[in-house]
Amino acid sequence: MSEHAPVSAAMHRAKADARASHVTVGLVRHLAGDREEIDCSCGMTLTNGPQWSLDEHIRLHRAEARYLALSQVAPAGMPRLIPVGPGRLPR
């Protein structure tokens with residue numbers, strides 16, 4: 001058996017930075033038509049929709065942020081579920 005190496009510093013830092021950069025700000029705003037919204041610290045407004053809750057949008061937004069951050073620092077050649085070309089990475 002081989003020893004498992006710890007998570008690389010770059011990947012750990014990317015995940016922590018994504019977590020810190022995508023936190024909800026303020027209180028939920030209740031709008032007409034059962035709409036709800038809250039701001040993210042990244043500047044995006046998160047909302048509920050006809051088929052998703054505000055909580056689901058918050059969770060998806062945070063997961064996407066982590067995915068993009070980790071994709072940007074992942075070692076070249078690492079097997080992926082979703083191929084990420086240079087055009088799909090954040091600018």
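Sequential numbering from 1 along the given sequence is applied to the chain's residues.
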K.L.:
How about M78 and L70: do any of their side-chain heavy atoms sit closer than 4.5 Å?
P.N.:
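With C-beta onward as the side chain, the pair stays apart.
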K.L.:
Which residues end up grouped with L54 if you chain together Ile, Leu, Val, Met, Phe, Trp and Tyr wherever their side-chain heavy atoms are less than 4.5 Å apart?
P.N.:
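When side chains under 4.5 Å apart are linked, the cluster holding L54 also contains V28, I38, M44, L46, I58.
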K.L.:
Whether the side chain of T47 engages the backbone of E37 through a donor-acceptor N/O pair (distance < 3.5 Å, no angle test) should be reported.
P.N.:
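Checking the backbone N and O of E37 against the side chain of T47, no donor-acceptor pair under 3.5 Å is found.
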K.L.:
Assess whether atom CZ of R35 is packed by more than 12 heavy atoms of other residues, nucleotides or ligands within 6.0 Å.
P.N.:
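For R35, atom CZ is crowded (more than 12 foreign heavy atoms under 6.0 Å).
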K.L.:
What distance do D55 atom CG and L60 atom CG have between them, rounded to the nearest 0.5 Å?
P.N.:
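Here the interatomic distance stands at 11.0 Å.
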K.L.:
Looking at CG of L68 and NE2 of H22, how far apart are the two atoms once the value is rounded to the nearest 0.5 Å?
P.N.:
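These two atoms lie 8.0 Å from each other.
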K.L.:
Between M11 and P75, is any pair of side-chain heavy atoms under 4.5 Å apart?
P.N.:
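Contact flag for M11/P75 side chains = yes.
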K.L.:
So do the side chains of H57 and N48 get within less than 4.5 Å of each other, counting heavy atoms only?
P.N.:
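Heavy-atom side-chain distance check fails, nothing below 4.5 Å.
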K.L.:
Looking at residues at least two apart in the chain, or sitting in another chain, which of them share a salt bridge (Lys or Arg N to Asp or Glu O under 4.0 Å) with E36?
P.N.:
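Scan of E36 (salt bridge (Lys or Arg N to Asp or Glu O under 4.0 Å), adjacent residues dropped) gives none.
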K.L.:
Which atom names give the shortest non-hydrogen contact between T45 and R29, and what distance separates them?
P.N.:
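Scanning both residues completely, I find the closest heavy atoms to be CG2-NH2, 3.9 Å.
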K.L.:
What closest approach, in Å, do S41 and S21 show between heavy atoms, and which atom pair accounts for it?
P.N.:
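Taking every non-hydrogen atom into account, OG-O, 2.9 Å.
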K.L.:
Closest heavy-atom contact between V73 and A14?
P.N.:
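V73 and A14 have their closest heavy atoms at CG2-CB, 3.8 Å.
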